[in-house]
Number of protein chains: 4
Amino acid sequence: MEAVLTRTLEELATSGLEGLSVERIARSAKVNKTSVYRRWPTREALVAAALEGVLEGMAAQVPDTGSLEGDLLGLLEPVAALLGQPLGRAVLRAAMAESSASSVAALAARKLEDQARSPVRAMIARAKARGEWRVGVNGQLVLGALVGAVIHRAMLEHAPLSKRWLRSLVDFSLHGVSASRRRLKN
Amino acid sequence: MEAVLTRTLEELATSGLEGLSVERIARSAKVNKTSVYRRWPTREALVAAALEGVLEGMAAQVPDTGSLEGDLLGLLEPVAALLGQPLGRAVLRAAMAESSASSVAALAARKLEDQARSPVRAMIARAKARGEWRVGVNGQLVLGALVGAVIHRAMLEHAPLSKRWLRSLVDFSLHGVSASRRRLKN
Amino acid sequence: MEAVLTRTLEELATSGLEGLSVERIARSAKVNKTSVYRRWPTREALVAAALEGVLEGMAAQVPDTGSLEGDLLGLLEPVAALLGQPLGRAVLRAAMAESSASSVAALAARKLEDQARSPVRAMIARAKARGEWRVGVNGQLVLGALVGAVIHRAMLEHAPLSKRWLRSLVDFSLHGVSASRRRLKN
Amino acid sequence: MEAVLTRTLEELATSGLEGLSVERIARSAKVNKTSVYRRWPTREALVAAALEGVLEGMAAQVPDTGSLEGDLLGLLEPVAALLGQPLGRAVLRAAMAESSASSVAALAARKLEDQARSPVRAMIARAKARGEWRVGVNGQLVLGALVGAVIHRAMLEHAPLSKRWLRSLVDFSLHGVSASRRRLKN
DNA sequence: TGATAACCGAGACGGTACGTCACGTCTTTAA
DNA sequence: TTAAAGACGTGACGTACCGTCTCGGTTATCA
């Protein structure tokens with residue numbers, strides 16, 4: 001009976017949120033359409049239920065590596081891994097749907113961001129303690145830029161999210177465009 | 001007869017790429033469905049044609065303000081303005097569709113990025129000449145991060161893209177998280 | 001608990017035998033559907049039970065008015081009154097259902113006709129004794145024609161079953177088309 | 001494509017008006033459900049269309065046999081033949097549906113009665129000319145009673161509509177219950 | 001000028017999917 | 001242990017679009 005959720009995830013990965021068909025899911029899960037509608041009255045509810053399990057296992061875990069650079073890499077790698085899969089991209093697309101129409105947006109976005117919140121706060125606090133985080137820099141802004149960069153590369157440039165590229169990204173986020181290490185050392 | 005394209009843009013803005021219906025467009029443009037299909041055999045072709053005009057007028061123009069900070073702001077403001085509108089968000093969503101399925105992705109992404117390429121190159125060259133661009137920093141990476149940050153804020157955080165926020169973003173991109181301004185001034 | 005039967009009669013009157021829904025009846029009687037099915041395994045059984053009470057009270061009572069004309073009028077008036085109400089028409093329709101499908105047909109038809117049998121016999125006997133009933137005329141045929149005439153008028157002509165019309169009908173049944181009173185008096 | 005109408009008549013005969021399923025008809029006529037709905041937007045319209053042909057061929061033809069008795073027999077025989085078939089009974093049931101809900105009622109009833117009107121008028125005129133029709137007897141009343149009697153026997157008594165029975169019925173309608181032939185012959 | 005092509009409106013068709021209602025059967029829970 | 005509650009497979013409802021097709025009727029172009 002809950003092969004439905006499995007099939008939903010597959011459809012979500014292959015056809016996207018809009019392309020997904022309740023009728024097709026029900027058929028291929030050998031369950032009656034009306035039974036699906038009984039439990040999950042809307043398409044959104046169905047997708048939300050299917051994602052719940054997946055998102056649960058994604059509890060953002062920011063490792064304490066001893067340096068901001070390492071922490072950021074550890075934070076971004078799961079994100080990159082997620083967007084490296086069709087399902088991950090489909091979830092992101094769903095989360096970007098016009099908000100009113102989609103409670104999936106709410107669910108996915110909130111769930112992910114909420115889970116990330118406190119580990120990220122802790123990470124920033126550690127960085128500040130080590131003097132690696134310049135006073136006045138907004139954490140949300142930085143994280144948004146980093147995640148946004150990954151999204152941009154994965155979904156618009158269609159370029160691979162290699163570890164090398166992630167390192168370059170983190171490096172940029174630490175030092176910016178203008179700041180020269182040489183100058184700093186002087 | 002080409003009220004069709006206008007209506008297509010409106011549908012795109014209100015219903016998104018997937019929610020848009022050829023039949024509805026034809027009806028509301030007082031044109032026969034078959035006539036629409038004759039000219040634009042697929043939904044993608046129709047949307048692509050409708051977007052062509054819009055994207056044309058968006059020729060990325062990076063103003064030469066004399067500083068990298070100003071140039072970046074001038075570059076991001078139109079992006080922010082675009083994502084501030086439903087149509088702009090719809091176009092972005094279309095551009096993020098699973099590539100194979102959608103020539104709109106190709107069109108929109110290529111068109112926008114292509115138009116931006118040379119002005120951006122020029123901007124970077126100017127910045128390098130002024131010593132504002134650290135050697136070894138990848139321009140594409142930086143731009144991706146900036147645009148990605150805007151996308152993240154507009155489509156996931158649903159937060160306003162104020163000028164103030166854009167300035168913070170540019171500031172972060174220039175100096176990074178770790179670099180201390182004080183030290184730089186030494 | 002037996003608001004169910006009340007509701008069934010109402011549904012029967014408004015929606016007819018076929019249009020009546022067990023689920024709706026159960027819901028509006030604030031009873032579980034399965035409880036209804038337990039007691040009355042089929043729709044027919046439910047309707048039959050609901051009608052039982054109603055039909056009981058309809059015991060055909062043919063008054064002894066002293067004349068065949070009066071007796072027939074007294075017999076037809078309740079029939080007309082019945083077919084003047086939606087419920088009565090619905091019952092008649094049920095009784096006319098393709099017999100195999102509907103035990104309601106059996107119930108309603110048998111019940112009504114059975115109840116009528118002996119009073120009608122008595123009425124005919126009285127009429128014969130008074131010389132008002134021509135030898136060789138089949139009572140069942142006459143009664144069928146009279147009731148059939150009322151049915152035809154109520155359900156096909158959609159014309160009112162006024163007392164005046166009933167009197168004309170009885171008059172016709174007594175004297176026929178051809179028989180002239182004048183001639184008789186000669 | 002119009003096997004649909006054939007199948008509709010069959011379904012009407014076997015399942016009745018309410019039991020008939022558009023989906024089943026479409027399937028067994030090897031036509032798409034939506035195509036059926038396009039042409040005949042409602043179940044009623046479909047049934048009406050299917051009946052049209054049948055009813056056309058039923059143009060009531062009252063033969064001029066030279067006597068009222070013969071004419072009435074000639075009129076009732078087709079009616080009896082119709083109600084002897086499942087389809088005929090189904091049509092009658094449809095015509096008796098609660099009028100508002102069913103344009104089939106309108107169609108069937110009107111069509112049949114309309115077709116009958118003028119031949120019946122002629123028949124009555126002939127009978128009057130021959131002195132077989134008592135002055136003041138309402139033709140509609142008589143016809144209603146005759147047809148009603150047939151309906152009653154076919155649909156409630158479930159008794160056969162033999163020629164013998166029809167003759168008895170006509171005989172009753174001519175002379176009534178009370179009129180004595182003997183007296184008439186005097 | 002008169003044939004020919006290109007385009008359009010109109011509308012039917014086979015399909016897939018939608019979301020809903022009711023059916024009657026079946027377990028699972030609670031009085 | 002009888003009843004309620006509720007889940008389930010099944011079938012049908014009527015509707016929206018999909019993309020394809022054929023049929024006539026205009027225009028415009030070119031011979």
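Every chain is numbered from 1 and lettered A, B, ... according to where its sequence line falls, protein lines coming before strand lines. What you are looking at is a predicted structure, and each value in this text was computed from that prediction instead of being measured.
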*Asks:* For the pair made of CG in C/L46 and P in E/dA22, what is the distance, rounded to whole Å?
*Replies:* 15 Å

*Asks:* What is the separation between atom CD1 on A/I25 and atom P on E/dG19, rounded to the nearest whole Å?
*Replies:* 11 Å

*Asks:* Select base, sugar-phosphate, or nothing to describe what B/L20 touches, counting heavy atoms under 4.0 Å on all strands.
*Replies:* sugar-phosphate

*Asks:* DNA chain E: D/M1 or A/E23, which has the more 5' nearest nucleotide?
*Replies:* D/M1

*Asks:* Among F/dG9, E/dG15, E/dA22, which is the nearest nucleotide to the side chain of D/N32?
*Replies:* E/dG15

*Asks:* Starting at the 5' end of DNA chain F and moving along, which residue's nearest nucleotide shows up first, C/V36 or A/S35?
*Replies:* C/V36

*Asks:* Rounded to whole angstroms, how far apart are CZ on D/R39 and C1' on E/dG11?
*Replies:* 11 Å

*Asks:* Write down the atom of B/I25, the atom of B/E11, and the distance for their closest heavy-atom approach.
*Replies:* CG1-CG, 3.6 Å

*Asks:* For the base of F/dG14, is there a side-chain donor-acceptor partner from D/T34 under 3.5 Å away?
*Replies:* no

*Asks:* Using only modelled atom types and a 3.5 angstrom limit, is any donor from either the side chain of D/R27 or the base of F/dG11 paired with an acceptor on the other?
*Replies:* no

*Asks:* Quickly work out the A/R24 CZ to E/dG19 P distance and round it to whole Å.
*Replies:* 13 Å

*Asks:* When the distance from CH2 of C/W40 to P of E/dC23 is rounded to whole Å, what number comes out?
*Replies:* 15 Å

*Asks:* May I have the distance from A/R38 (atom CZ) to E/dT20 (atom P), rounded to whole angstrom?
*Replies:* 12 Å

*Asks:* Can you see which heavy atom on D/P86 is nearest to which on D/A13, and at what distance?
*Replies:* CB-O, 3.8 Å

*Asks:* How would you label the contact of B/V22 with the nucleic acid (heavy atoms, under 4.0 Å): base, sugar-phosphate, or nothing?
*Replies:* sugar-phosphate

*Asks:* In whole Å, I'd like the distance from the CZ atom of B/R43 to the P atom of F/dG19.
*Replies:* 6 Å

*Asks:* Looking at B/S15 and B/R24, what are the two nearest heavy atoms and their distance?
*Replies:* OG-NH2, 4.0 Å

*Asks:* Does a distance-only test, which skips hydrogens and angles, find a donor-acceptor pair under 3.5 Å between the side chain of A/K33 and the base of E/dG19?
*Replies:* yes

*Asks:* So A/V47 and A/V91, side chain to side chain contact (heavy atoms under 4.5 Å, CB included) or not? Walk me through it.
*Replies:* CA-CA 9 Å; A/V47 173; A/V91 170; over 6 Å; no

*Asks:* How close do C/A50 and C/V54 get, counting heavy atoms only, and between which atoms?
*Replies:* O-CG2, 3.8 Å

*Asks:* Side chain of C/S21 only, please: which of F/dC13, E/dA22, E/dG14 is the nearest?
*Replies:* E/dA22

*Asks:* For the pair made of CD in B/E11 and C1' in F/dA16, what is the distance, rounded to whole Å?
*Replies:* 13 Å

*Asks:* Between E/dT25, F/dT15, F/dT10, which nucleotide gets closest to the side-chain atoms of D/Y37?
*Replies:* F/dT15

